[in-house]
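Read the structure below first, then the notes.
What you see is a predicted model, and the numbers here were worked out from it, not measured in a lab.
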Protein chains: 2
Amino acid sequence: MNKRKVPKATMQRYPLYLKALKKLQSLGIDRIMSNQLGSFIDVEPTTIRRDFSFIGTLGKQGYGYDIETLIETFEGHLGGTYNEKIIIVGAGNLGRALMNYNRWNNVVGEVACAFDIDENKVGVINDIPIYPLSQLSKNIPVGCRIAILTVSHDAQETVDKLIEAGIVGFISFTHDHIRVPKDVFIKYVDVISSIQELVFQVNNI
Amino acid sequence: MNKRKVPKATMQRYPLYLKALKKLQSLGIDRIMSNQLGSFIDVEPTTIRRDFSFIGTLGKQGYGYDIETLIETFEGHLGGTYNEKIIIVGAGNLGRALMNYNRWNNVVGEVACAFDIDENKVGVINDIPIYPLSQLSKNIPVGCRIAILTVSHDAQETVDKLIEAGIVGFISFTHDHIRVPKDVFIKYVDVISSIQELVFQVNNI
DNA sequence: CTAAAGTTGCTAATTAATTCACATGGTATA
DNA sequence: TATACCATGTGAATTAATTAGCAACTTTAG
């Protein structure tokens, strides 16, 4: 097992591995070689082996990898303890669609509650309570570290408030550029940027 | 101007640049140095200059960059001709939320229409017609290259059909792993994978 | 039990991406 | 118009990531 810090590129592949392994497991496969996994997800086998080595000695020489073991290990590292309390900030169309999305459980945790600046949005959707943003500090769940941002205005201002309330990781659906301190992470899940990148690629083959 | 092919890492930053530049323009700024832009988006100035150099000689020595020129140039490369016809496949909660999202125009093009396998979903949302997936080939817009995938089942099968119909770029909101040929691009906009990556980062500071 | 076959995990080599450092040529001021 | 300044753009150096190659160990077949 290699003890260096995990490269960024490797970190980005971990969710992909977990996703693929679960798919394979659902197909009834319980053992796999880096080789096969590689051709399944289009990643070089040697890259896979190296990526895995940062987490531990997961495979057996001459045998391959046990899918169940891999899944358990990855889930442990990627939030599979299922106790992450996530909040959604912004209860517009997108925020509500996410609340109705029923695949949060058994993945990383659960959406504990949501917030919106508009007091008229207060209520309950799919058993998830929506509170006014003004009551953030009162209603934010204990130990909550991750927020999903689906606001349409004042994203920066909202993020600043959330950081103050203890959030250290953001998933942002907004197309706004947001600045966060070094010890806070933000991941953009941004359709527009994705389409732009896609157009650039498609135009530059 | 450097004529090598654009590195992948660079390509991923282009949408970020455009986003930041538009923000700066909206603040009334019309000229910027790589230095300032760098501290604004937390990218090394020299990386910015190199990234820009792949597109052309955009700056003036001793002066900096003209924001308007930059925006025009980037828009040209990232789909700013606004004539991309995009389709949405899957008219569930998420698909409908995207149809109601009103920021497609003046960014990359427009959502021309949507498709769903469920004939009961056929109708019109926000002026966007929804057709049954069985009538894909009949209703797909001429020149359409990009599809946004928000289906909840049979993603792979659907993608295969769409590729046959001429789609070469996908934005997938599904958490399923999808395989595409080498000349087709797929970008995942996947909350679950993003949260997993975030959890891993937050746990490994 | 022994030997052949096969796959991991690691070191070394290669390739990609970032950062340094500075010549170049425009800008600003008087 | 002359002069001091300043930021770009790019070759060279560095650092990060990927890929090749192989020793070590497991499994499996005979």
Side-chain angles (χ1 to χ4, degrees), chain A residues 1-17 20-21 24 29-71 73-74 182 197 200-201 204, chain B residues 1-17 20-21 24 29-71 73-74 182 197 200-201 204:
Chain A
M1 174 177 174
N2 200 326
K3 273 291 189 184
R4 280 191 317 136
K5 92 179 212 318
V6 184
K8 217 159 39 165
T10 294
M11 244 189 288
Q12 286 174 4
R13 280 188 294 264
Y14 283 155
L16 171 63
Y17 293 140
L21 290 165
L24 291 165
I29 303 169
D30 57 2
R31 168 186 166 183
I32 199 163
M33 275 70 88
S34 59
N35 207 297
Q36 303 172 296
L37 181 59
S39 73
F40 186 60
I41 58 176
D42 211 40
V43 173
E44 286 295 319
T46 187
T47 301
I48 293 177
R49 296 204 298 275
R50 178 167 297 279
D51 284 351
F52 284 10
S53 78
F54 289 103
I55 290 193
T57 301
L58 307 176
K60 288 187 218 146
Q61 290 178 331
Y63 172 91
Y65 299 88
D66 200 62
I67 290 191
E68 197 172 330
T69 312
L70 282 184
I71 290 178
T73 308
F74 275 110
K182 288 261 176 294
E197 201 189 325
F200 187 88
Q201 283 188 327
N204 283 268
Chain B
M1 174 177 177
N2 201 326
K3 271 293 189 184
R4 280 192 315 138
K5 92 181 210 319
V6 184
K8 217 159 39 166
T10 295
M11 244 189 287
Q12 285 174 4
R13 281 188 294 265
Y14 284 154
L16 171 63
Y17 294 140
L21 290 165
L24 291 164
I29 303 168
D30 57 2
R31 167 185 167 184
I32 199 164
M33 274 71 87
S34 60
N35 209 299
Q36 305 171 296
L37 180 59
S39 74
F40 186 61
I41 57 176
D42 211 40
V43 173
E44 287 295 319
T46 187
T47 300
I48 293 177
R49 296 204 297 276
R50 184 167 298 277
D51 284 351
F52 284 12
S53 78
F54 289 104
I55 291 194
T57 301
L58 307 176
K60 287 185 220 149
Q61 288 179 333
Y63 172 91
Y65 299 88
D66 200 63
I67 290 191
E68 198 173 328
T69 312
L70 282 184
I71 290 178
T73 308
F74 274 111
K182 288 262 176 292
E197 202 189 324
F200 187 88
Q201 283 188 327
N204 284 267

(message) With nearest nucleotide decided by heavy atoms, which residue, A:G59 or B:D51, maps closer to the 5′ end of DNA chain C?
(response) A:G59

(message) Can you tell me whether the side chain of A:Q61 and the base of D:dT26 have a donor-acceptor pair closer than 3.5 Å?
(response) no

(request) Determine whether A:F54 and A:P7 make a side-chain contact, defined as any pair of heavy atoms from C-beta on separated by less than 4.5 Å. (result) yes

(request) Using heavy atoms to find the nearest nucleotide of DNA chain D for A:T47 and B:K60 separately, return the residue whose nucleotide is more 5′. (result) B:K60

Measure from the side-chain heavy atoms of [X] and tell me the nearest of [options].
X	options	result
B:R50	C:dC10, D:dT18, C:dT19	C:dT19
B:Y63	D:dA17, C:dA17, C:dT27	C:dT27
B:S53	D:dT10, D:dA7, C:dT27	D:dT10

(message) Nearest whole Å is fine: how far is D:dT18 P from A:I41 CD1?
(response) 12 Å

(message) Expressed as a whole number of angstroms, how long is the span from A:K8:NZ to D:dT18:P?
(response) 12 Å

Are any of [X]'s side-chain N or O atoms less than 4.0 Å away from OP1 or OP2 of [N]?
X	N	value
B:R49	D:dG9	no
B:S34	D:dA7	no
A:R13	D:dT18	yes
A:T46	D:dT18	no

(request) Would you mind classifying the nucleic acid contact of B:F52 as base, sugar-phosphate or nothing, using non-hydrogen atoms under 4.0 angstrom? (result) nothing

(request) Indicate the ring-plane relationship of A:Y17 and A:F74, choosing parallel, tilted or perpendicular according to the 30° and 60° boundaries. (result) tilted

(request) Give, for atom OG1 of B:T73 and atom CD of B:E68, the distance between the pair rounded to the nearest 0.5 Å. (result) 10.5 Å

